[in-house]
Amino acid sequence: MYYRILSLVSLLLIILVLSVIVRPYFHSHHDKKKILMAGRSTMALWFKHWNWPYPLRIKTTYKPWPIPYKEYSKGNLYLTYHQLPSPRSRNGNEPFGEAMVRRFEEGLTYMNYEGAFFKFCFADFPVKTKEEQMQRLADLQKTVMEVYKICSNNNIKLIIGNALPLPNPNEYTLNLQKEYNHWLEEFIVSRENVMVFDLYTPLTDENGRFKMNLARASDDHHPGEKAFAMLDKSLFPQVEEWIMQQ
């Protein structure tokens, strides 16, 4: 009897593990609005939050688990993760954002997307001087305008994620984040088929700094489980309602 029970438990565990591994393969884009989700580490963690079981992602999200995570479907939406490079070239010979825009445009060729979500990483905002702040803002703006032009030319709706907060930004970085977010709101007023998704306000304190109780860890200020769960409550209803509009 003991061995029969043990065998049954083992079988159930195997079935459970297999279901976890294969479940992401069943995300379907059939009769759904397809959205390219373009970003870097935070976007990847967001998709793992959706696809990976809680025990694996809470402490070991950076492990190379053999579980797919780059697709997700919910309601009328089908999302695919598309990794972007840093907007700053390592060799310094390429203009800010050029490789990022090129990679973004390439991603749109994979499928007939109705929408695209574009965001910068929090690592793209730190600056040290007023001059750097002004130049970085101009670079961020130029990149967004190029991304918008690509989407507009391809009749694809664009969702722009605003600046992700930092836990301890200096004066110039904090001003840059606020200026960029304000500019985005002005940018969408006179343009069609573009919206801003607010990543900043829900995750900040009254001083505009990242609430560290929402971080993955004290030494890792990527958004954690609480942060993503909070953003999910806004993301899916807002984007679905907006993308379904004719």
Side-chain angles (χ1 to χ4, degrees), residues 27 29 32-51 68-73 77-126 135-164 176-177 180-181 183-188 190-200 222-223 228 231 235-236 238-240 242-243:
H27 294 307
H29 58 76
K32 296 183 184 296
K33 296 294 185 179
K34 299 175 288 296
I35 300 178
L36 183 79
M37 303 287 286
R40 304 214 303 279
S41 57
T42 296
M43 188 69 80
L45 290 171
W46 211 349
F47 270 78
K48 290 176 179 179
H49 160 78
W50 293 329
N51 281 296
Y69 64 90
K70 296 184 179 182
E71 301 173 50
Y72 188 71
S73 58
L77 303 178
Y78 172 79
L79 314 176
T80 60
Y81 170 54
H82 182 65
Q83 184 175 355
L84 297 178
S86 169
R88 289 175 288 178
S89 172
R90 289 184 178 181
N91 56 30
N93 296 325
E94 191 170 62
F96 184 97
E98 188 171 293
M100 175 180 273
V101 172
R102 188 166 59 246
R103 176 70 174 147
F104 175 82
E105 186 171 21
E106 176 187 322
L108 294 176
T109 65
Y110 297 157
M111 191 177 290
N112 292 324
Y113 291 99
E114 284 82 19
F117 188 118
F118 172 84
K119 62 175 291 297
F120 288 105
C121 179
F122 54 74
D124 300 330
F125 286 87
Q135 181 59 56
R136 185 65 54 79
L137 178 61
D139 289 337
L140 296 170
Q141 292 170 337
K142 180 175 182 292
T143 305
V144 167
M145 287 187 285
E146 290 176 355
V147 166
Y148 172 75
K149 182 178 179 180
I150 290 170
C151 289
S152 182
N153 289 342
N154 288 278
N155 196 30
I156 295 172
K157 290 186 174 184
L158 175 62
I159 306 142
I160 306 172
N162 61 8
L164 276 169
L176 172 60
Q177 291 175 316
Y180 175 71
N181 289 350
W183 175 80
L184 284 180
E185 294 297 335
E186 293 184 334
F187 179 79
I188 68 173
S190 60
R191 291 170 174 81
E192 296 180 350
N193 292 333
V194 57
M195 68 167 281
V196 172
F197 181 74
D198 189 7
L199 298 162
Y200 186 81
H222 283 92
F228 285 131
L231 294 174
L235 177 74
F236 292 108
Q238 285 184 19
V239 172
E240 182 169 333
W242 180 74
I243 205 75

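Just so it is clear, the structure is predicted and the values come from calculations on it, not from any experiment. The first residue of the sequence shown is numbered 1, and numbering continues consecutively from there.
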Shortest non-hydrogen contact from [X] toward [Y]:
| X | Y | result |
| --- | --- | --- |
| Ile35 | Phe117 | CG2-N, 4.0 Å |
| Glu94 | Ala99 | OE1-CB, 3.1 Å |
| Tyr148 | Glu192 | OH-O, 3.3 Å |
| Tyr113 | Leu36 | CD2-N, 3.3 Å |
| Pro87 | Met100 | CD-CE, 3.5 Å |
| Gly161 | Leu184 | O-CD1, 4.4 Å |

Nearest-0.5 Å distance, [atom1] of residue [X] to [atom2] of residue [Y]:
| X | Y | atom1 | atom2 | result |
| --- | --- | --- | --- | --- |
| Ile160 | Leu199 | CD1 | CG | 11.5 Å |
| Tyr200 | Tyr180 | OH | OH | 13.5 Å |
| Trp50 | Leu45 | CH2 | CG | 11.5 Å |
| Leu176 | Leu140 | CG | CG | 6.0 Å |
| Met195 | Ile159 | CE | CD1 | 6.0 Å |
| Arg102 | Glu146 | CZ | CD | 11.0 Å |

Electrostatic pair Glu106:Arg103 at N-O distance under 4.0 angstrom: yes
Donor-acceptor check, side chain of [X] to backbone of [Y], threshold 3.5 angstrom: yes or no?
| X | Y | answer |
| --- | --- | --- |
| Asn193 | Ser152 | no |
| Lys157 | Trp242 | yes |
| Asn162 | Asp198 | no |
| Asn153 | Ile150 | no |

Ring pair (Phe, Tyr, Trp, His ring centres under 6.0 Å) involving Tyr81 - partner list, sequence neighbours excluded: Phe47
Sole candidate of Lys32, Lys33, Lys34 that passes salt bridge (Lys or Arg N to Asp or Glu O under 4.0 Å) when paired with Glu114: Lys34
No-hydrogen, no-angle side-chain donor-acceptor test under 3.5 Å, Gln135 and Asp139: yes
Flag the pair [X] / [Y] as yes when at least one side-chain heavy-atom distance between them is below 4.5 Å, and no otherwise.
| X | Y | result |
| --- | --- | --- |
| Gln141 | Leu137 | yes |
| Cys121 | Ser86 | no |
| Met43 | Leu84 | no |
| Phe118 | Thr143 | yes |

Candidate pair Arg136 and Phe125, rule side-chain contact (heavy atoms from CB on, under 4.5 Å), full reasoning: CA-CA 8 Å; Arg136 185 65 54 79; Phe125 286 87; 5.7 Å; no
Intermediate values then yes/no, side-chain contact (heavy atoms from CB on, under 4.5 Å), Leu235 and Gln238: CA-CA 5 Å; Leu235 177 74; Gln238 285 184 19; over 6 Å; no
Check against side-chain contact (heavy atoms from CB on, under 4.5 Å), Met111 and Tyr78: CA-CA 11 Å; Met111 191 177 290; Tyr78 172 79; 4.0 Å; yes
Parallel, tilted or perpendicular, as decided by the 30° and 60° cut-offs, for the rings of Trp46 and Phe228: parallel
Test of ring centre spacing under 6.0 Å for Phe122 and Phe120: no
Near-ring test His82/Phe104, centroid separation under 6.0 angstrom: no
Worked check of side-chain contact (heavy atoms from CB on, under 4.5 Å) between Glu185 and Asn181: CA-CA 7 Å; Glu185 294 297 335; Asn181 289 350; over 6 Å; no
